[in-house]
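Heads up: the structure comes next, in structure tokens.
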Amino acid sequence: MNQRLKPVRGMRDILPEDSARFSLIEDTFRSVLSGYSYEEIRLPIVESKNLFDRGLGESTDAVSKEMYSFHDRDSSELALRPEGTASCARAIVNHSMAHEDKPRLWYAGPMFRHERPQAGRYRQFQQVGAEAFGYSGPAIDFELIQIVTNVLESLGLIESVTLLINNIGDATARARFRDALVNYLNPYESDLDSDSRTRLHKNPMRILDSKNERTQTILEGAPKLKEFVGDHSTERFELILGMLSEAQIAYEVADQLVRGFDYYTDSVFEWVTDQIGAQDAVCAGGRYDGLIELLGGKPTPGIGFAAGVDRIALLKSETQEDASYRSTDVYLIALSEDQRSYVSEIAKRIRQGTNLRVREHTEPGRMGSKMRWADKSGATWAVIAGESEEVELNVSIKWLRSDREQLRVPLVGMLEVLKAA
RNA sequence: GUGGAUGUAGCUCAGGUGGUAGAGCACUGGAUUGUGGUUCCAGCGGUCGUGGGUUCAAAUCCCAUCAUCCACCCCA
């Protein structure tokens, strides 16, 4: 890449071929979500920093270390959103949307976290998320999981991912568990890896998914979160698992699965893959029954997921043959500049009469060169017009991807030939 | 924030022990004045990431810095 001017660290250009993949993924979410009657909401990219401090929790890495925060001209503290759920919940509160209705919403857009870039991890990344407010029964958990499953099936990726699910209980249960865990681990403090030692004081539950073997061995005798979760929550969780089994959606209950943001409660879930490197979560979500109240609304249960479009696109390109990307169906060649207006007329007719993607060769040059560009464009046909075609109101149609012989047809019969293919 | 690897043409990469840059692909033209995908010939194309230092001389050695990739961490 040219060294002089380039995107800032962790930001990148999504070039046309990748962009087409992104669009396909987003369109698939859009279409499946629409089938479940989820409504689109468009949320600001910039919010008050305060929203994330309160919503996600000030001790989380996303807020304390990775947030793009800055002072506005009037010195108020703003931030680029690191995720979408907090904004969505704020909108629910601001517009009293959960008073007369139980909204099911979705959004898509860029999120920002100041992390060290890595495979599948960028400082600006694209998410599609869905949130449902006002539902406390297990069927909504199931519905959201089913939505994501449908999307992944439709994209041909369901075999490449594993659904992990866990129940982390409510805030009280977690607080009691946290105390018990710290009490258990304290005597082993010097045997823990250094990251876990730090987390013991800051965010002990994070120790559970440590990759350090020694730490994992120590954890074998530790108290289990599920022993602290209330009966009601456990029952609810069992009902979700039952629905998944009945719908033949494969899952693994993952005791160690915890979420990075403070707002999560009860059921949490995540789709992971082993095919795109260390950043293995392609979609994750869970329930957050306390969030709306935390942001000043009346108590309202909530649940949602967020999918990482960049990672799903990466997974798609890693696991599937390139369905040879093409941008052009018809490549139009004027033999000389004298036929320019005739060729424009031909282009107009094809664009108006079909959905074909028509590209005109606009530069002068010799015929061989024009044909080479026609070939490279990936077009199915080259449509060629020289002086004799113009005089006789004909076009020459050449098949570029087959041995079929070149045809010369009257202009009025051209669309029929192109549509017949 | 920590660690490892890597930065040479648009792309993929060569350039032992310092002597001032090369190939393939791509692109343009020609062989072939209205027909691509094969071949042959020619041409275009480089602040050797950036800034210092050592030296008569640095892509090459030293220092710093930036960036990319991968992993830790974190997470979508």
Side-chain angles (χ1 to χ4, degrees), chain A residues 1-12 25 56 60-67 82-85 108-129 148 161 193-196 198-199 203 206 209-212 257-261 269-273 276-286 304-315 331 333-336 338-339 361 363 365-379 381-390 396-403 405-406 408:
Chain A
M1 196 186 293
N2 185 315
Q3 303 291 326
R4 291 176 196 189
L5 273 177
K6 51 162 87 173
V8 306
R9 186 152 212 219
M11 316 284 179
R12 61 181 181 146
I25 293 163
L56 313 195
T60 60
D61 281 13
V63 168
S64 63
K65 299 199 285 208
E66 299 166 0
M67 200 142 74
E83 57 100 59
T85 301
M111 307 296 164
F112 302 84
R113 290 181 208 169
H114 191 103
E115 298 180 275
R116 184 97 170 238
Q118 192 183 326
R121 186 166 79 183
Y122 305 96
R123 290 180 176 181
Q124 175 179 334
F125 56 100
Q126 193 71 11
Q127 283 192 337
V128 176
V148 175
V161 300
D193 60 281
S194 66
D195 283 325
S196 294
T198 318
R199 287 185 288 214
N203 194 358
R206 276 269 144 210
D209 54 10
S210 167
K211 287 176 188 168
N212 184 284
L257 180 67
V258 293
R259 298 245 57 90
F261 301 134
F269 45 86
E270 178 171 301
W271 285 262
V272 295
T273 174
I276 58 170
Q279 304 303 311
D280 60 0
V282 297
C283 181
F305 69 77
V309 178
D310 303 68
R311 288 182 190 175
I312 295 174
L314 180 60
L315 181 60
Y331 200 90
I333 294 173
L335 203 56
S336 84
D338 296 337
Q339 284 85 49
H361 189 94
E363 296 303 301
R366 66 187 179 88
M367 189 59 177
S369 167
K370 291 174 183 174
M371 286 302 297
R372 216 176 310 138
W373 282 95
D375 183 44
K376 264 197 344 179
S377 76
W381 304 275
V383 171
I384 304 155
E387 194 183 347
S388 79
E389 280 91 346
E390 180 172 16
S396 292
I397 300 176
K398 183 181 172 82
W399 274 258
L400 294 168
R401 311 288 150 210
S402 78
D403 293 331
E405 207 171 329
Q406 181 167 326
R408 179 141 170 181

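Per chain, numbering begins at 1; letters A, B, ... match sequence-line order.
- For the pair Met371(A) CE and U35(B) P, the computed distance is 9 Å after rounding to whole Å.
- Rounded to whole Å, atom C1' of G37(B) lies 5 Å from atom CG of Asp375(A).
- Checked by distance alone, Gln118(A) brings no side-chain donor or acceptor within 3.5 Å of a matching partner on the base of C74(B).
- With respect to Lys211(A) and Asp193(A), no salt bridge is recorded, no charged nitrogen being found less than 4.0 Å from a carboxylate O.
- Projected onto RNA chain B by closest heavy-atom contact, Arg9(A) and Arg311(A) fall at different nucleotides, the more 5' of which corresponds to Arg9(A).
- Considering only side-chain N and O atoms, Arg372(A) lies nowhere under 4.0 angstrom from the phosphate OP1 or OP2 of C27(B).
- Nucleotides G10(B) and G46(B), compared at atom C1', are 12 Å apart to the nearest Å.
- A 4.5 Å side-chain heavy-atom check between Val282(A) and Val161(A) finds at least one atom pair inside the cut-off.
- Annotation: of the two residues near RNA chain B, Gln279(A) and Gly10(A), the 5′-most nearest-nucleotide partner is Gly10(A).
- Distance CZ (Arg116(A)) to C1' (U68(B)): 11 Å, rounded to an integer number of Å.
- Across all strands, Arg12(A) comes closer than 4.0 Å to no nucleic acid atom at all (heavy-atom distances).
- Among the nucleotides G36(B), C72(B), G34(B), the one closest to any side-chain atom of Leu400(A) is G36(B).
- Ala374(A) comes within contact range of no nucleotide atom at all, as no heavy-atom separation falls under 4.0 Å.
- Between the P atom of G29(B) and the CD atom of Glu363(A) lies a distance of 11 Å, rounded to the nearest Å.
- Distance alone, capped at 3.5 Å, places no donor-acceptor pair between the Arg123(A) side chain and the Phe112(A) backbone.
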Go through it in stages, so that I can follow the logic: the residues are Val383(A) and Tyr331(A), the test is side-chain contact (heavy atoms from CB on, under 4.5 Å), and I'd like the CA-CA distance, side-chain angles, deciding distance and then a yes or no. CA-CA 6 Å; Val383(A) 171; Tyr331(A) 200 90; over 6 Å; no
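- Cation-pi geometry between Arg12(A) and Tyr122(A) is satisfied (NZ or CZ under 6.0 Å from the ring centre, within 45° of the ring normal).
- Whole-Å rounding puts the Asp195(A) CG to G3(B) C1' distance at 12 Å.
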Let's go through Leu335(A) and Glu387(A) carefully: what are the C-alpha distance in whole Å and the side-chain angles of both, what is the deciding distance for side-chain contact (heavy atoms from CB on, under 4.5 Å) to 0.1 Å, and is it a yes or a no? CA-CA 8 Å; Leu335(A) 203 56; Glu387(A) 194 183 347; over 6 Å; no
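- Residue Tyr331(A) contributes atom OH, which lies 17 Å from atom P of U35(B) at whole-angstrom precision.
- Residue Trp373(A) places at least one side-chain N or O closer than 4.0 Å to OP1 or OP2 of U28(B).
- Distance noted for atom P between A21(B) and G16(B): 14 Å (whole Å).
- Remark: P of C72(B) and CG of Asp280(A) are 9 Å apart, rounded to the nearest angstrom.
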Watson-Crick and G-U pairing of RNA chain B, under 3.5 Å, as dot-bracket with | and [ ]: (((((((..((((.....[..)))).(((((.......))))).....(((((..]....))))))))))))....
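- Straight-line distance between the C1' atoms of A5(B) and G43(B): roughly 38 Å, to the nearest whole Å.
- Listed nucleotides: C75(B), C74(B), C72(B). Nearest to the side chain of Asp61(A): C74(B).
- Taking atom C1' in both G15(B) and A59(B), one finds a spacing of 8 Å when rounded to whole Å.
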Pair Thr198(A)-Arg206(A), side-chain hydrogen bond (donor to acceptor under 3.5 Å, both in side chains): steps then yes or no: CA-CA 10 Å; Thr198(A) 318; Arg206(A) 276 269 144 210; over 6 Å; no
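- Shortest non-hydrogen contact noted between Arg311(A) and Gly120(A) is NE-O, 2.7 Å.
- Note on Ile384(A): a base of the nucleic acid sits closer than 4.0 angstrom, heavy atoms only.
- Within 4.0 Å of Tyr122(A), counting heavy atoms only, lies at least one base atom of the nucleic acid.
- With a 4.5 Å cut-off on side-chain heavy atoms, Asp195(A) and Asn212(A) do not count as touching.
- Arg206(A) comes within 4.0 angstrom of the backbone, heavy atoms only, and of no base.
- Here Lys376(A) lies in heavy-atom contact (under 4.0 Å) with sugar-phosphate atoms only.
- Spacing between C27(B) and A9(B) at atom C1', rounded to whole Å, works out to 12 Å.
- Between Lys370(A) and G36(B), a side-chain N or O to OP1/OP2 separation shorter than 4.0 Å is absent.
- If you check distances only, the side chain of Glu389(A) does reach the base of G34(B) with a donor-acceptor pair under 3.5 Å.
- C61(B) sits 12 Å from U6(B) when the P atoms are compared, rounded to a whole Å.
- Counting non-hydrogen atoms under 4.0 angstrom, Gly277(A) reaches the backbone sugars and phosphates but no base.
- Note on Glu270(A): nothing from the nucleic acid sits closer than 4.0 angstrom, heavy atoms only.
- Side chain Ser369(A) to base G36(B): no donor-acceptor pair is found below 3.5 Å.
- Nucleotides G37(B) and A31(B) have their P atoms positioned 15 Å apart, rounded to a whole Å.
- Between Arg199(A) and the phosphate of C73(B), there is no side-chain N or O to OP1/OP2 separation shorter than 4.0 Å.
- A26(B) and U38(B) are spaced 8 Å apart, taking the P atom of each and rounding to whole Å.
- The interatomic distance linking Arg366(A) (CZ) with C27(B) (P) rounds to 12 Å, in whole Å.
- Between Asp375(A) and Lys398(A) there is no salt bridge, since no side-chain nitrogen of the basic residue lies less than 4.0 Å from a carboxylate oxygen of the acidic one.
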